[in-house]
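Structure record follows, encoded as structure tokens.
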Amino acid sequence: LLPLDPAATWKIRVEVATVVDILNVAVSNAVATAESAGINAYNSQDLGGNVKWSFARAAVPGETITWTGLSATDPTDWADGDNWDLKRPVAATDDVVIPTGRTKYPSFGAGNYVLNRLTVEEGASLKLLGTHATVTNALSVHGSLVCTGTERFDISAATVDFTGGSVTPAESDFVINGEVGQTVNLGGCTFNFVNVERAGSVTFTDDFSAKRFAVRPSAALSLTFAAGETVTADALHLEGYVGGESLLTLGSSEPGTAWKLNLTKDVQQVTGVTVSDSDASGGVTIRGGSTSTGTDTANWDFATATASWTGAVSTDFATADNWIPAAVPGADTVVSLTPLRGETVTVVVPANSPASVKKLILGSGEGTVKFTAQSPITIKERLEIPAKATVVLNAYDVPNVVSNDVVIRKDGVLTHDQLKKLNLVVEGDLTIDTGARIDADCKGCGQGKSSTGLPSAFEPYDWGSGGGGS
């Protein structure tokens, strides 16, 4: 690969996401543009004058490659082969080591990466910048793992060890999804989202904390937790009821000795769980409902009726097949509408079908929820409307009633979308956080005639709710 004029340079631009496969070439005067990814040529010859090119022998499967941070171009660039002792970029078959004692440490850029083994030693660090990484055989983090956004780690590795390590979680996803049995030591670290998406077995050998802990088995799945250790979560999804079967089993590493599960907020969706030796007394009561069972448990409730939304048939609240278990929620039912990030739940209470529930859980501000009541609804316990949740109350002749407190969090909305009024009785306290909204703007109207004189039209009318164009 040569320029027509031996004294000139030629330019090449390779987008960051491009798959590059260059073998057995000789190259001169090739300049990868500033916005281009670095270009790696294996078993190739550098004839001089090349910019942002790396020349190295092909990777040997299972080979150890160690970070040096010695590139003259960018000593933090993961993709720059000059930052590694083998003078080549990392291959999917490598045993990658980020050692202690380096001046500069790597930043994992945006894109998809597959790693065989990854070790971050004590005192070392790895920063993720929009990364989606998959680790297939072993992950050991004894130093610092720094997330900056919505990065995702898919861990199919048989062993995971965070002993002595630390995690800056940001908004990241840590997904355990191997096909073989996995032993996971999360080292007492705090994560954003911890997800288990697989069948078979996973053993957790230490405690951990997460903004959300979610388990969605694809077939029968057994989770074993270390006796005496604690899992702490703000939101809990244990979605074990699949295809009419309860697939999820939770137990202790020492039968007869409890493991602890502390749920800090009442954001939960629990179905199809068989649990034993679990002490949840450090947090909110966990409701397993009729699809779950437990032995030697504390602060688990299997008696209270629960309804978890699936939307399998439609958006209709009054359709039994939209719920787990398959029954329309009643006045003593705790209802959970709890989408994960990127998911949307839309539920409509149809006209002429008044509804009553014990509690309505609208997620944690992670996914998007829209709950519309075309008929009056009564809610016995506290109603919290979190971020990304909208409650639309369109019944107005008979009031909607919350027999407790109503709390609207930042970016939560209480509104109506018909040309009448918002009719809600709150028997407890009403709290509206900064950035929350009760939206009745331009929705209060009185029946009459428009300025054109046409009948059955509406003119703005102030119902005292901020309507009428105010």
Side-chain angles (χ1 to χ4, degrees), residues 92 96 108-120 126-141 145-162 165-225 231-240 242 247-248 250 261 267-270 273 338-343 363-364 366-367:
V96 181
F108 224 161
N112 297 323
Y113 300 84
V114 177
L115 305 175
N116 175 34
R117 296 173 182 270
L118 173 62
T119 300
V120 181
L126 175 60
K127 180 182 285 189
L128 308 181
L129 302 170
T131 314
H132 182 176
T134 299
V135 182
T136 58
N137 274 312
L139 173 64
S140 298
V141 179
L145 182 65
V146 180
C147 301
T148 59
T150 57
E151 291 81 17
R152 176 178 171 122
F153 250 98
D154 281 296
I155 311 300
S156 56
T159 58
V160 179
D161 185 7
F162 276 76
S166 67
V167 176
T168 302
E171 296 297 317
S172 61
D173 269 294
F174 189 86
V175 184
I176 299 167
N177 56 6
E179 296 182 357
V180 299
Q182 291 178 276
T183 300
V184 179
N185 182 346
L186 296 182
C189 294
T190 297
F191 296 83
N192 183 51
F193 299 152
V194 174
N195 307 313
V196 182
E197 301 174 359
R198 53 160 297 162
S201 65
V202 179
T203 299
F204 292 93
T205 62
D206 202 350
D207 58 10
F208 66 91
S209 299
K211 183 177 178 181
R212 183 251 290 151
F213 180 44
V215 184
R216 288 179 164 179
S218 56
L221 173 62
S222 175
L223 301 185
T224 301
F225 298 89
V231 175
T232 302
D234 294 341
L236 182 66
H237 292 247
L238 302 176
E239 301 178 28
V242 181
L247 300 179
L248 181 57
L250 311 179
L261 177 56
V267 180
Q268 55 180 298
Q269 184 160 321
V270 181
V273 176
T338 53
L340 303 188
R341 181 161 61 195
E343 298 176 348
S364 60
E366 183 181 339

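The shown structure was predicted, so the numbers you read here are calculated from the model rather than taken from an experiment. Sequence positions, counted from 1, serve as the residue numbers for this chain.
To the nearest 0.5 Å, the span separating CG on D207 from SG on C189 amounts to 9.5 Å. Rounded to the nearest 0.5 Å, atoms CZ (R212) and OG1 (T338) are 10.0 Å apart. Rounded to the nearest 0.5 Å, atoms CG (L238) and CZ (F213) are 6.5 Å apart. Separating the CG atom in L250 from the CG atom in L221 is a distance of 8.5 Å, to the nearest 0.5 Å. Taken from CG in L115 to OG1 in T136, the straight-line distance is 7.5 Å, to the nearest 0.5 Å.
Looking at every heavy atom in both residues, E151 comes nearest to G149 through OE1-N, 2.8 Å. Taking every heavy atom of both residues into account, P217 and L247 meet most closely at CG-CB, 4.2 Å. Across A170 and T148, no two heavy atoms sit closer than the pair CB-C, 3.7 Å.
Under a 3.5 Å cut-off, the side chain of T131 and the backbone N or O of G109 do form a donor-acceptor pair.
Evaluation of the side chain to side chain contact (heavy atoms under 4.5 Å, CB included) rule for L126 yields W78, P106, F108, L118, V120, L128, L145 as partners, not counting sequence neighbours. With sequence neighbours excluded, the residues satisfying side chain to side chain contact (heavy atoms under 4.5 Å, CB included) with S218 are A199.
Proximity of V175 to F193: side-chain heavy atoms (C-beta onward) are nowhere separated by under 4.5 Å. The side-chain heavy atoms of I155 and V184, taken from C-beta on, include no pair separated by under 4.5 Å. Put simply, the side chain of V267 does not reach to within 4.5 Å of the side chain of D234, judged on heavy atoms.
Screening residues 168-193 for side-chain hydrogen bond (donor to acceptor under 3.5 Å, both in side chains), with sequence neighbours left out, gives D154-N177, T163-N185, D173-N195, D173-R341, Q182-R198.
Aromatic ring orientation, F174 versus F191: tilted (interplanar angle from 30° to 60°).
Checking V231, T224, L186, V160 one by one against F204, the side chain to side chain contact (heavy atoms under 4.5 Å, CB included) holds for a single residue, L186.
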